[in-house]
*Asks:* 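Shown below is the structure under consideration.
In this text the structure is predicted, and so the values were computed from the model without any measurement. Throughout, protein chains are lettered first and strands after them, A, B, ... in sequence-line order, and every chain is numbered starting at 1.
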Amino acid sequence: MNSCLISLLTILIALLSHVKVRYKKYSMKILFLGMFLTVLNWIDLNTSNLSEVVFIKGFIACIYMVIWGICYDYLKYKKYELFEFFSICLILFIGIILIFESKSFHILYFGMEICRYSFLFLVLYKKNSEKTDSKSLNLLLTELLSSALFVFGLSIVYIQVGGLTFTSYHNLSQNDLLCFAEILIFISFLQKIGGLPFGNILIERVSLMPTCLLSMECSIIQPVFLIVFSKIFFVMFDMNKCAIVFNIVGFMYLLYSSIQIFTQNNLRRMTGILLTYSQGLFFILLGTQNYKIVLLYCVFQAIIFIGFTTLQASLRYEGKTLENISDLNGLGIKNFLMGAVWGIILLGMVAVPPFGSFWIYFLILKTLIFQDQLYLVISLILFSLPCIYTFIKILKQMYIGKSKEYDFKMTFFYKLIFLFIVISNILMPLFINYFDNIVKLEFL
Amino acid sequence: MQFLELLMLITLPLVGAFFLLLVNGNENRIKDNSYYVGILISISTFIASFYSCSKIYVANSDFNLFPVYYLKSFNVSIKFGMNLLTSIFTNIISFLTIVSVFLSKKSIKMHLREYLILILLLEFFFLCGVCARDLFVFFVSFFCISFILFFQISFWGIEKRVNTANKFILYSLLGNACLLTAFFIIYQHLGSLDFDVLKNALLPKIPRNIVLILFVGAAFFFFPVFPVHFGLMDCFTEAPSPTRILISGGYTKLMLYFFIQVGISIIGDDFIQSSNVLINVLCISMFFASVIALNNKDIRRFTGTLHLVQNTMILIGFFCLTMESIKGSLFFVLSQAISMPIFLIAMGAYYEKFGYSFSETNLLKKYPVLSSLIFLSGLNLLGFPPLPNFLGQFLIVQACFKVHPVSAFFIYLSIIFLLVSFYKIFAPVLLGKEQKSIEVEENLNLYEKIASMIVICGIIYLTINPECFFCIIRRVVDPLFE
């Protein structure tokens, strides 16, 4: 809770300094300092035991700070108002802290709402198309609907259980009303993460965002939501009974996204579809009840998506950022290194050996095969084929065709990110081995 | 010592690729230096491979490399090893790489350095795949090979390279999907993908049958076999010549290596039970492929169809599962690896002179060296007696006749169709009336002539003394039937 207070205090001081013309120049510095202090306080490095909780917190904080860096650079280029944007970002971080630290449903709900609505403000911060108004209204309405469902479900849980802490849920006999509440919460959760049958919400949301926010959605919001909700699932549902439901949901996700990906030309929409795909994998993993791989997958998703979205943010032509796949034509010929980085990151996203996601895939398939779910193994392999095919086609386009006059925005910060992503993609098996050794899942 | 030899053999191409990255200077200088580095590295690799092969043959024992790295989370150990069968394939691959590098200077007009880097990387993955002692490493290598080939076809291919590359990767992905699924089923039941474990364990009946179907499916995609041949067929017409050599000699033969190395021990007797059905299917598919060849009017497509028919024959040789047929298949692979490059060198020279259209040119009169090269290598490819390919074909057909005489009839028919189509296409080119006056200038340069002569000498030596290959093949095949 101290970190939340620090954040709020920071925002207050920064706001005061921003209002006064004399101190306006300090407002951004105060915000960054406040952010840094919040992160340090939250990770709590003073603890004697450096457990995996510290590791995960540290990881989230690092990714978040990297995203701040990307957003700062991007917004400066676009000449947006930085102070307002980063103030809302800090509020969003409070939401993440609350979600992560929550031990009861109402705190979780509170954190989730802070997170979602502050993010919605960020998305609608600058209109980038004429359709933004109607689309944003749609988004707001669906968010409200999902919140209503969640609260309704929680109220039933409260009536039945008499409390909202996670621990009060243990050793509880199931009845129809509780089951109904669980279904409501599950549906609202699907809506929140933009899962099926609300997959289009996610894709619409993603298509509205400035590119820098894509990285926030893909690398922070989604993984954190998935990690925490998987924790709730383990608390709420009898996983043995629900495994089949998760498998079906996951299967539908994969089917939907592998069909959708064939028709996409817009890079942002494609990112949205890949997110849907990763959600499908997440559900299948939930069905296997192997929380370690769920965690590993979320960590990997954060890393790889940050690379993908940073690539999109760093490459510009004629004063515009990349929009369509055809904008990548001839990139590899124009700049071999940039082409190679794009290649490694694209291949790392779609299970092409020996790059990153292939190893995660291998672990997922290994888990599935040892649970005698051969049909899922076959469908996973088959569904990965359209993604691989599409990405390879993109890669090919990068080396064929007339190239544009690209403006390579390769600052030292971007180079550092790319280096990290490329190395982690290539050395993924070693990372997984290391991860396997340190994560003991004591916090579950 | 074995450790160092094997490590050197596998990593040499990778070191070469790294050296190529360092080549600097103006465009011509980069081109020349890259070519020399490529040739040097590929020859060194071939020498290393040949040395290892001779050492294994003399010592009559395998090379085994300790696990390079053990991935605990995956229960996979990245380890390599070498036996006589492996050394046959490493020799083929390193020899074909030399020919590819040699040809690339002439056929690759732009970005030669990048192309050579890919060729050396391709060799590296080939050697990794062949020397792998774990199915996982084999699969990863196989996938990387497909991927590099896709790039080579996309960027350095000829006319319809974009479509060809798309088809190639699509079919390869399907083949890889079959392989991966099969490997996971094996992994589920045996808990490991290590060759040593696989050789001493037997899968239960139903998974074994599924694995067999998946292996056969993968083989159909990779060899390729009619009617799933579209992915690879076009590569023989649209891929650059050096890539074509590696596809025909290495990529399409890897599945045969896999079957002989571990496939038989994984599937066991199920191969024998299903061999009748498979031979029938393959013979019919071979017959249809030869009918396609009969209707061809383009030499490039003819080469592709010829390859399709012969690869099917090699697969038939394996599925006959007799000692002679497998020996025949292996011998066929070896002799094809020698005869295919010379045919492609000659055809490359022809394309450069006349383009891709074929008219009556009376080649024999004006370009005797070139035309005799085309003629001889073409006949050898077709397996015309007494050239070495014939011996391989003969052993396969003989074995097939014993197992299934009706199917053998289709093979005879296919071979006749191939000869007829060869005559139909090449007779006007070699012997027809001259239609336009072309300045008389031999189009093979000195190096090409020397290389062709060396390979022709090899073919003649092989014709006279096939025992030099058979003594190795016998040592590989005989233990399988003990």
*Asks:* If you take all heavy atoms of I369(A) and F184(B), which pair is closest and at what distance?
*Replies:*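 The answer is CG1-O, 3.3 Å.
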*Asks:* Does the side chain of L347(A) come within less than 4.5 Å of F147(B)'s, by heavy atoms?
*Replies:*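 The answer is yes; the side chains approach within 4.5 Å.
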*Asks:* Between atom SG of C144(B) and atom CZ of F355(A), what is the distance when rounded to the nearest 0.5 Å?
*Replies:*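 Reported value, rounded in 0.5 Å steps: 7.0 Å.
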*Asks:* In terms of heavy-atom contacts, does CD1 of I206(B) have more than 12 from other residues, nucleotides or ligands at under 6.0 Å?
*Replies:*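 Count not over threshold, so no.
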*Asks:* Nearest heavy-atom pair of Y187(B) and K366(A): which atoms, and what distance?
*Replies:*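 So the minimum-distance heavy-atom pair works out to CE2-CG, 3.3 Å.
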*Asks:* Is the number of heavy atoms from other residues, nucleotides or ligands within 6.0 Å of CZ (F19(B)) greater than 12?
*Replies:*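 Incorrect, the count does not exceed 12.
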*Asks:* Report the C-alpha separation of F143(B) and F358(A) in whole Å, then their side-chain angles, then the decisive distance to 0.1 Å, and conclude whether the ring pair (Phe, Tyr, Trp, His ring centres under 6.0 Å) test is met.
*Replies:* CA-CA 11 Å; F143(B) 201 99; F358(A) 171 74; 7.4 Å; no
*Asks:* Side chain from CB out, backbone as N, CA, C, O: work out which of these in L374(A) comes under 4.5 Å of a heavy atom of chain B, or both, or neither.
*Replies:*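 Side chain only.
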*Asks:* Under a 4.5 Å heavy-atom cutoff, which of L368(A), V377(A), L385(A) has the most pairs with chain B?
*Replies:*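 Top count of heavy-atom pairs under 4.5 Å with chain B: L385(A).
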*Asks:* With a 4.5 angstrom heavy-atom cut-off, could you sort out which part of L365(A) is near chain B: side chain, backbone, both or neither?
*Replies:*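 When you check distances to chain B, atoms from both the backbone and side chain of L365(A) fall under 4.5 Å.
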*Asks:* Quick check for you: among I185(B), I210(B), L174(B), which has the greatest number of heavy-atom pairs under 4.5 Å with chain A?
*Replies:*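 Between I185(B), I210(B), L174(B), the count favours I185(B).
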*Asks:* Below 30° counts as parallel, above 60° as perpendicular, anything between as tilted: where do the rings of F362(A) and F136(B) land?
*Replies:*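 F362(A) vs F136(B) ring planes: perpendicular.
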*Asks:* With a sphere of 6.0 Å drawn around CZ of F18(B), does it hold more than 12 non-hydrogen atoms of other residues, nucleotides or ligands?
*Replies:*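 Incorrect, the count does not exceed 12.
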*Asks:* Identify which of L382(A), I378(A), I388(A), L380(A) forms the greatest number of heavy-atom pairs closer than 4.5 Å to chain B.
*Replies:*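 With the most close heavy-atom pairs to chain B, the winner is I388(A).
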*Asks:* Given the options N166(B), L180(B), L170(B), T181(B), which has more heavy-atom pairs under 4.5 Å with chain A than any of the others?
*Replies:*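 Top count of heavy-atom pairs under 4.5 Å with chain A: N166(B).
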